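Structure, as structure tokens:
All values derive from a computational prediction rather than experimental measurement.
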Amino acid sequence: MGDGVAGRSYRLVVHTSVGGSGVRVRLSNAFGDRPITFDSAYAGLQKQGAELRPGTNRRLAFGGERTVTVPAGATVWSDPLPGKLPTASNLVVSLHSPDAAGPASGHWMAMQTSYATQGDRTAEDSGTPWTIPTGSWFYLDAVSVQAPKGTGAVVALGDSITDGWQSTSDLNRRWPDYLARRLQKTDTAVKGVANEGISGNKVLADGAGQSSLNRLERDVLSQPGVRTVFLFQGVNDIKAHTGVTADDLIEGYREIVDRAHAAGKCVVGATVGPFKGWHEWDQAGEAVRQEVNTFIRSSGEFDAVTDFDRILRSPYDQERMLPALDGGDHIHPNDKGMQAMADAVDLTALDCDPTG
């Protein structure tokens, strides 16, 4: 993410899933090497670009205070805002830090245009001062609402496919976005969707972000209202050619399942999709993928399984993605492929009993 810039403001656009009252945001200094202070933070609704709908931008507080200092390695939740946030809103969180420096925590590949400027312009509705567009989210880690009683959420734990690469930016066409839209139209208790995809992320090894094993608690299990973990990951471990075997990856999956179950969460496992044609593909990696997918489908260790491999693969070459669903690089689906993935999820399986 690079280093923080003192005196900079960010206007960060995020698309929510479930609606509810008492919206809160979580700010992160997880990867900082020093404390960071936020002396002004607001949340409002987007009109267009960096411009806000008049009357919606409201100041956030933290423990009743307007200013909060987040220690290195820590996160902090805001106090809940009064009132309701509609379902599928474009929420705009505006932050200013007078002392940002050192590594900036955030999310590099947002597939969403946000904005920055120098000086504190967080309280303003106008988009005019926000002259620096950015495709990343800085310091903003999560958004939560108090949903109707009995409502749960699913966390999609994944890599760049879950992050939405090759889907259309600013239109919310990642597969978890399509899943959220399906859930809103369905009579199911699970309505919220948290996207915890990181481009390049692996199950076993740190690199593009901490590995899933190392970030499971912070990014997944600590999210409020989570009922189910949707685990769709492994292709980066396989294609990196670091000697990772199917047994290694299966052991990683088992640890995630065990830790999620211990926290009272269900786990849906998704098969690893085809990637023949991607420059790192070879028959050795394909053999690992097939062995891993056999485990996911048949082991019975997941509470449910979604077979993304079956949905995405070509019937004429099952090691390759169906061209109509291919974003062009033979590993990331396009918008149509993202929707096909979401449509393949059994919505009833997202609300299960992990002890049953």
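- Of the N and O atoms on the side chains of H96 and D39, at least one donor lies less than 3.5 Å from an acceptor on the other residue.
- Environment of CG in D346: crowded, with over 12 heavy atoms of neighbouring residues, nucleotides or ligands closer than 6.0 Å.
- Checked by atom type, the side-chain pair S212/Q233 shows a donor-acceptor distance below 3.5 Å.
- Looking at N236, its side chain never comes within 3.5 Å of a backbone N or O of K202 through a donor-acceptor pair.
- Crowding of E286 atom CD: a count of heavy atoms from other residues, nucleotides or ligands under 6.0 Å exceeding 12.
- To the nearest 0.5 Å, atom CE of residue M341 and atom OH of residue Y178 are 12.0 Å apart.
- Y10 and Y115 have their aromatic ring centers separated by at least 6.0 angstrom.
- Side chain of S211 to backbone of A205: no donor-acceptor contact under 3.5 angstrom is found.
- Atom CG of L183 sits about 6.0 Å away from atom CG of L350, to the nearest 0.5 Å.
- Transitive grouping of hydrophobic side chains (ILVMFWY, heavy atoms separated by less than 4.5 Å) keeps M321 and V288 in distinct clusters.
- Between the side chains of Q223 and E196, at least one donor N or O sits under 3.5 Å from an acceptor N or O.
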Problem set entry | Steps toward salt bridge (Lys or Arg N to Asp or Glu O under 4.0 Å) verdict (D309, R297) | CA-CA 11 Å; D309 173 50; R297 292 185 184 106; 2.8 Å; yes

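- More than 12 heavy atoms of other residues, nucleotides or ligands shown are found within 6.0 angstrom of CZ on R59.
- For the residue pair R310 and Q318, no side-chain donor N or O sits within less than 3.5 Å of a side-chain acceptor on the partner.
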Problem set entry | Stepwise side-chain contact (heavy atoms from CB on, under 4.5 Å) check, L60 with R24 | CA-CA 8 Å; L60 293 163; R24 299 187 300 155; over 6 Å; no

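- The closest side-chain donor-acceptor pair between S222 and R26 falls under 3.5 angstrom.
- Side chain to side chain, T168 and D170 fail the donor-acceptor criterion of an N or O pair below 3.5 Å.
- Here the straight-line distance linking atom CD of Q112 with atom CG of L171 works out to 9.0 Å at 0.5 Å rounding.
- Between F295 and Y253, the two ring planes are parallel [angle under 30°; tilted spans 30° to 60°].
- Here F38 and Y139 bring their ring centres to under 6.0 angstrom of each other.
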Problem set entry | Chi angles and distances behind the salt bridge (Lys or Arg N to Asp or Glu O under 4.0 Å) call for R173, D335 | CA-CA 6 Å; R173 291 180 176 176; D335 291 353; 3.0 Å; yes

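- For D120 (side chain) and S40 (main-chain N/O), no donor-acceptor pair under 3.5 Å exists by modelled atom type.
- Side-chain contact between F308 and V345 is present, with at least one heavy-atom pair separated by less than 4.5 Å.
- Transitive grouping of hydrophobic side chains (ILVMFWY, heavy atoms separated by less than 4.5 Å) brings L45 and L12 into a common cluster.
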Problem set entry | Criterion side-chain hydrogen bond (donor to acceptor under 3.5 Å, both in side chains) on D99 and S97, from CA distance to verdict | CA-CA 6 Å; D99 64 355; S97 173; 3.1 Å; yes

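- Side-chain atoms of T37 and T69 include a donor-acceptor pair closer than 3.5 Å.
- Annotation: the span from Q48 atom CD to R53 atom CZ amounts to 12.5 Å, rounded to 0.5 Å.
- Surrounding CH2 of W108 are at most 12 heavy atoms belonging to other residues, nucleotides or ligands under 6.0 Å away.
- A donor-acceptor pair is defined here as one N or O able to donate and one able to accept, closer than 3.5 Å; such a pair exists between the side chain of R289 and the backbone of V272.
- Here the CD1-CD distance, from I250 to E301, works out to 8.5 Å after rounding to the nearest 0.5 Å.
- A side-chain donor from one of D163 and H107 sits under 3.5 Å from a side-chain acceptor of the other.
- No chain of hydrophobic side-chain contacts below 4.5 Å, direct or via other Ile, Leu, Val, Met, Phe, Trp or Tyr residues, connects L204 to I161.
- A donor-acceptor pair shorter than 3.5 Å can be found between the side chains of D206 and N214.
- Ring geometry, F230 versus W175: the interplanar angle falls from 30° to 60°, so the pair is classed tilted.
- From T117, atom OG1 reaches atom CH2 of W130 across 6.5 Å, with rounding to the nearest 0.5 Å.
- In terms of modelled atom types and a separation under 3.5 Å, the side chain of T151 and the main chain of A147 share no donor-acceptor contact.
- Atom CH2 of W165 sits in a sparse spot, with 12 or fewer heavy atoms from other residues, nucleotides or ligands closer than 6.0 Å.
- Using a 4.5 Å heavy-atom threshold, the side chains of N334 and D326 count as separate.
- Around the CZ atom of R34, the shell of radius 6.0 Å holds more than 12 heavy atoms that belong to other residues, nucleotides or ligands.
- For T128 and S126, the side-chain atoms include at least one donor-acceptor pair closer than 3.5 Å.
- Side-chain contact annotation: H261 with D258, donor-acceptor N/O pair under 3.5 Å absent.
- Side chains of T245 and D248: a donor on one and an acceptor on the other come within 3.5 Å.
- Between the side chain of S28 and the backbone N or O of A30, at least one donor-acceptor pair lies under 3.5 Å.
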